[in-house]
Colleague: 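Structure below; questions to follow.
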Amino acid sequence: MEDCYAALRWLYAAAGELGVDPGRIAVVGESAGGGLAASLAQLVRDRAEIPLRAQLLIYPMLDDRTAAETDPNPCTGEFVWTRESNHFGWASLLGHENGGERIAAYASPARADDVGGLAPAFIAVGSLDLFLDEGVRYAYRLMRAGVPVELHVQPGAVHGYMSLDVEAGRRLRRDAVDALRAAFAG
């Protein structure tokens with residue numbers, strides 16, 4: 001997370017020489033990168049050094065507790081990114097079993113006590129994706145905290161569908177670009 005923050009701080013500081021508008025910066029990520037982007041948005045809010053215009057979270061991996069669920073959603077997690085993959089991914093990141101009480105700050109963005117004051121969010125997830133429930137729950141928490149959220153749930157889509165050459169993937173790519181344009185125009 002500190003590497004992500006250092007890169008963002010560098011971009012902000014060097015914006016002029018890079019031709020970047022420092023008032024039009026967003027974080028974007030897919031899957032585990034979506035979780036990093038969500039955590040980075042929280043860290044940016046907490047440090048209050050860089051203005052963040054938006055966060056685009058594409059089927060984000062937000063909650064380590066999903067890997068430890070005893071009653072998982074029976075309609076998700078059977079394709080591409082499975083429960084076994086998720087368990088391994090979170091255990092690798094955390095260095096211990098998933099779902100426990102001890103967890104590093106910003107490691108699992110869904111665990112944040114406060115999600116208020118974050119940059120507006122675009123969240124997209126497929127209805128068959130293991131991350132469906134955690135993405136929808138996170139979007140709901142953001143909305144309840146007054147954060148503007150655009151939530152897209154694509155029927156019948158699996159994890160990683162944006163990279164597929166199918167209509168759902170093409171639509172998500174268009175929607176994500178439109179969300180960035182809207183955020184930067186505002």
Side-chain angles (χ1 to χ4, degrees), residues 1 4-5 7-12 14-16 18-45 48-63 66 73 75-77 79-81 106 109-110 112 115-186:
M1 186 50 45
C4 293
Y5 190 82
L8 185 61
R9 190 173 55 215
W10 173 84
L11 173 68
Y12 182 67
L18 295 171
V20 171
D21 180 343
R24 296 165 118 186
I25 295 175
V27 293
V28 179
E30 295 177 48
S31 193
L36 283 172
S39 290
L40 183 56
Q42 293 173 8
L43 184 58
V44 166
R45 178 213 46 207
E49 298 174 329
I50 304 165
L52 195 59
R53 189 62 79 82
Q55 52 180 322
L56 274 70
L57 312 176
I58 312 298
Y59 29 82
M61 186 176 177
L62 300 165
D63 195 340
T66 299
N73 183 332
C75 299
T76 64
F79 307 100
V80 183
W81 189 255
Y106 306 107
V115 295
L118 292 173
F122 172 93
I123 300 174
V125 64
S127 68
L128 299 178
D129 192 330
L130 179 66
F131 300 142
L132 170 67
D133 293 342
E134 65 190 71
V136 170
R137 280 192 300 265
Y138 193 67
Y140 178 73
R141 284 190 64 211
L142 291 173
M143 287 183 258
R144 294 272 305 194
V147 175
V149 175
E150 182 177 341
L151 174 63
H152 292 233
V153 176
Q154 180 62 47
V158 299
H159 190 73
Y161 73 96
M162 186 168 83
S163 62
L164 301 176
D165 188 21
V166 296
E167 181 52 35
R170 290 187 290 274
R171 184 178 314 111
L172 176 52
R173 290 189 294 275
R174 285 190 308 267
D175 291 347
V177 168
D178 289 347
L180 274 177
R181 281 189 181 122
F184 290 159

Colleague: Would you please test Phe131 and Glu134 for side chain to side chain contact (heavy atoms under 4.5 Å, CB included) and show each step?
Modeller: CA-CA 5 Å; Phe131 300 142; Glu134 65 190 71; 3.5 Å; yes

Colleague: Rounded to the nearest 0.5 Å, how far does CG of Leu151 lie from CZ of Phe122?
Modeller: 9.0 Å

Colleague: Working to the nearest 0.5 angstrom, can you tell me the gap between Asp133 CG and Asn73 CG?
Modeller: 4.5 Å

Colleague: For Leu52, does its backbone N or O pair with a side-chain atom of Arg45 as donor and acceptor, under 3.5 Å?
Modeller: no

Colleague: Please tell me if the side chains of Met1 and Leu43 come closer than 4.5 Å, counting only heavy atoms from C-beta onward.
Modeller: yes

Colleague: Under 3.5 Å, which donor-acceptor pairs do the side chains of residues 159-169 form with other protein atoms, sequence neighbours left out?
Modeller:
| from | atom 1 | to | atom 2 | distance (Å) |
| --- | --- | --- | --- | --- |
| His159 | ND1 | Asp129 | OD1 | 3.2 |
| His159 | ND1 | Asp129 | OD2 | 2.8 |
| His159 | NE2 | Ser31 | OG | 2.7 |
| Ser163 | OG | Gly160 | O | 2.8 |
| Asp165 | OD1 | Arg170 | NH1 | 2.7 |
| Glu167 | OE2 | Arg174 | NH2 | 2.9 |

Colleague: Below 4.5 Å, heavy atoms only, C-beta onward: do Tyr138 and Val149 meet side chain to side chain?
Modeller: no

Colleague: Could you state the interatomic distance from CD (Glu30) to CE (Met61), rounded to the nearest 0.5 Å?
Modeller: 14.0 Å

Colleague: For the pair Arg141 (side chain) and Ala112 (backbone), establish whether a donor and an acceptor sit closer than 3.5 Å, ignoring hydrogens and angles.
Modeller: yes

Colleague: Would the distance check show the side chain of Gln42 and the main-chain N or O of Pro109 forming a donor-acceptor pair, the cut-off being under 3.5 Å?
Modeller: yes

Colleague: Quick one: does Leu180's side chain get under 4.5 Å of Leu56's, heavy atoms only?
Modeller: yes

Colleague: Would you list the pairs meeting ring pair (Phe, Tyr, Trp, His ring centres under 6.0 Å) in which at least one residue belongs to residues 165-186, sequence neighbours left out?
Modeller: none

Colleague: Within a radius of less than 6.0 Å around OH of Tyr5, do more than 12 heavy atoms belonging to other residues, nucleotides or ligands occur?
Modeller: yes

Colleague: With rounding to the nearest 0.5 angstrom, report the CD to CG distance, Gln55 to Leu142.
Modeller: 6.0 Å

Colleague: How long is the gap from CD1 on Ile58 to CG on Asp175, to the nearest 0.5 Å?
Modeller: 9.0 Å

Colleague: So for atom CZ, which belongs to Arg144, do other residues, nucleotides or ligands contribute more than 12 heavy atoms lying within a distance under 6.0 Å?
Modeller: no

Colleague: So, taking the atom named CG in Leu40 and the one named CG in Leu8, what distance separates them when rounded to the nearest 0.5 Å?
Modeller: 5.5 Å

